[in-house]
Novice: 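Can you read through this structure? Questions will come right after.
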Amino acid sequence: MKDDETSGSRPDLRRGWTTGTCATAATRAAYEALVTGRFPDPVTVRLPGGGEPAFALATQRLMDDAAEAGIVKDAGDDPDVTHGALILSTVRRGTPGSGVTFRAGTGVGTVTLPGLPLPPGEPAINPVPRAMMAGVIEEAAKALAGPTDIVVEIAVPGGEALAKKTMNPRLGILGGISILGTTGIVVPFSCSAWIHSIYRGIDVARALGIDHVAGATGATSEKAAQQFHGLPEQALIDMGDFVGGMLKYLRRHPVPRVTVAGGFAKMTKLAQGRLDLHSRAGEVDLDWLAGLLAATGAPADLIAHARRANTALEVLNAAKAAGIPIGEAIARHAWTTAAAVLAGSGMMLEILVFDRDGGLVGRSPFQAVE
């Protein structure tokens with residue numbers, strides 16, 4: 001599940017703010033309090049793409065050598081796991097010449113694996129939020145004649161539990177969530193965050209020297225593919241419906257072998273030539289599936305059954321009962337669709353098709369994509 005970010009939206013839904021924007025606003029308020037003893041409330045920040053939203057402070061605390069401000073994240077109408085989380089920023093003076101440095105407080109993860117935008121050992125505060133926070137400190141320092149050597153510690157109470165609902169553990173980000181954002185805005189039901197987590201998963205696998213990755217449409221097919229090949233956790237890519245996004249990134253950032261795994265209905269869509277497997281992009285074409293059954297030599301009654309079936313699973317079960325290996329045919333056609341995206345890469349590509357119980361019903365073995 002995603003934990004931030006943007007791109008494409010339904011106009012009837014309310015947008016929200018990324019963890020990076022909330023951390024920046026909290027940092028701006030805490031810095032001003034450190035220098036003046038007073039917290040601005042509300043506090044305004046400038047977004048990377050323009051716009052200056054104002055945020056009410058949820059908490060504020062002035063200490064002898066530091067100031068802390070907190071903002072509750074509002075993700076708008078997006079089902080973001082960090083919606084409602086308290087984003088805390090504590091600022092204190094740093095050593096002379098150190099500039100702005102960052103620390104991970106409670107609930108913010110630490111990078112432990114290579115391949116991410118930040119090196120191992122760094123707090124999981126992404127580059128754009130870091131630049132936003134450094135920018136508001138520089139701006140406030142000029143306005144208030146304040147210090148520019150500052151330590152910023154970001155914390156998210158409960159963040160370690162929230163992180164278990166994200167891709168962070170698999171990416172080697174341990175101890176909490178990431179502080180994310182590129183535009184500063186959360187667009188409801190955006191696919192951007194998910195696709196970027198696919199990219200980061202591939203980056204980590206490559207950096208670890210893993211030569212075989214598997215992208216799966218869901219938890220059942222992922223577990224089945226992992227067991228089929230004995231793959232490590234970091235070889236598993238949470239592809240979901242975005243097979244096209246994963247394959248296009250792999251074409252630019254190749255690994256020697258890639259498996260695409262999924263349930264029968266999703267793999268049927270791939271076999272039909274679709275690279276977005278979500279229902280909004282279209283349902284399974286049962287007439288096409290019936291035609292494929294005819295090409296395998298299926299009896300007329302099974303073909304007719306397929307045309308009037310309610311679901312692809314119903315067709316699979318009927319074909320299995322009749323001894324028709326429809327899953328194998330689906331795997332071959334899905335391989336052709338996926339291979340077209342990887343054309344010229346030289347990668348070895350495999351397709352695995354599973355039923356709802358994780359049973360293998362079709363496989364197109366590894367073949368080189370020329």
Side-chain angles (χ1 to χ4, degrees), residues 3-5 17-35 39 43 45-48 55 57 59-63 65-71 73 82 85-142 144 146-160 162-163 166 168 171-184 196 200 203-204:
D3 67 335
D4 254 351
E5 215 39 87
W17 312 109
T18 64
T19 47
T21 296
C22 296
T24 299
T27 297
R28 176 64 177 81
Y31 179 87
E32 185 166 331
L34 180 71
V35 176
F39 289 88
V43 59
V45 295
R46 185 176 298 107
L47 300 178
F55 296 86
L57 298 186
T59 65
Q60 50 185 269
R61 185 161 64 111
L62 192 59
M63 297 161 270
D65 62 345
E68 177 189 270
I71 288 174
K73 176 176 169 175
T82 56
L86 178 63
I87 313 298
L88 295 170
S89 177
T90 302
V91 301
R92 53 178 53 87
R93 288 173 170 81
T95 57
S98 61
V100 178
T101 57
F102 296 92
R103 293 180 183 171
T106 301
V108 171
T110 298
V111 177
T112 68
L113 296 177
L116 295 171
L118 300 164
E122 281 291 311
I125 302 170
N126 273 20
V128 171
R130 288 182 184 227
M132 290 172 68
M133 285 182 264
V136 295
I137 288 171
E138 179 183 5
E139 179 183 74
K142 289 179 180 177
L144 303 171
T148 56
D149 299 313
I150 293 292
V151 178
V152 179
E153 180 178 305
I154 304 299
V156 181
E160 188 166 5
L162 291 175
T166 75
N168 274 14
L171 295 175
I173 298 172
L174 304 182
I177 66 166
S178 300
I179 303 301
L180 301 174
T182 52
T183 66
H196 277 87
R200 300 295 79 79
D203 291 343
V204 167

Novice: On a heavy-atom basis, which atom in Ala30 and which in Ser89 lie closest, and how many Å separate them?
Specialist: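 In this case the closest contact between Ala30 and Ser89 is CB-O, 3.7 Å.
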
Novice: Short question: side chain of Thr112, backbone of Gly172 - any donor-acceptor pair under 3.5 Å?
Specialist: yes

Novice: Locate the shortest heavy-atom distance separating Gln60 from Phe39; write the atom from each residue and the value.
Specialist: OE1-CD1, 3.4 Å

Novice: For a quick test of reading the model, state the closest non-hydrogen atom pair linking Pro147 to Arg93 and the distance between them.
Specialist: CG-NE, 4.0 Å

Novice: With rounding to the nearest 0.5 Å, note down the distance linking CE in Met133 to OG1 in Thr24.
Specialist: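 Atom-to-atom, Met133:CE and Thr24:OG1 are 5.0 Å apart.
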
Novice: Quick one: does Pro123's side chain get under 4.5 Å of Glu153's, heavy atoms only?
Specialist: no

Novice: Just by modelled atom types, is the Ala23 backbone N or O under 3.5 Å from a matching donor or acceptor in the Thr27 side chain?
Specialist: yes

Novice: Looking at every heavy atom in both Gly94 and Val151, which two are closest together, and how far apart are they?
Specialist: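 Of all heavy-atom pairs spanning Gly94 and Val151, the closest is CA-CG2, 3.9 Å.
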
Novice: Is the closest side-chain donor-acceptor distance between Asn168 and Ser178 under 3.5 Å?
Specialist: yes

Novice: Tell me yes or no: between the side chains of Thr18 and Thr21, is some donor less than 3.5 Å from an acceptor?
Specialist: yes

Novice: Mind listing the closest non-hydrogen atom pair of Val156 and Ala85 along with its distance?
Specialist: CG1-CB, 4.0 Å

Novice: Mark yes or no for whether Asp149, through its side chain, and Gly97, through its backbone, hold a donor-acceptor pair below 3.5 Å.
Specialist: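 Judged by distance alone, yes, a pair lies under 3.5 Å.
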
Novice: Could you tell me whether a side-chain N or O of Thr19 sits under 3.5 Å from a main-chain N or O of Leu180, the two making a donor and an acceptor?
Specialist: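 Yes: the side chain of Thr19 pairs with the backbone of Leu180.
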
Novice: Where do Ala29 and Val43 come nearest, in terms of heavy atoms and distance?
Specialist: N-CG2, 4.0 Å

Novice: Answer whether the closest heavy-atom distance between the side chains of Arg92 and Glu68 falls below 4.5 Å.
Specialist: no

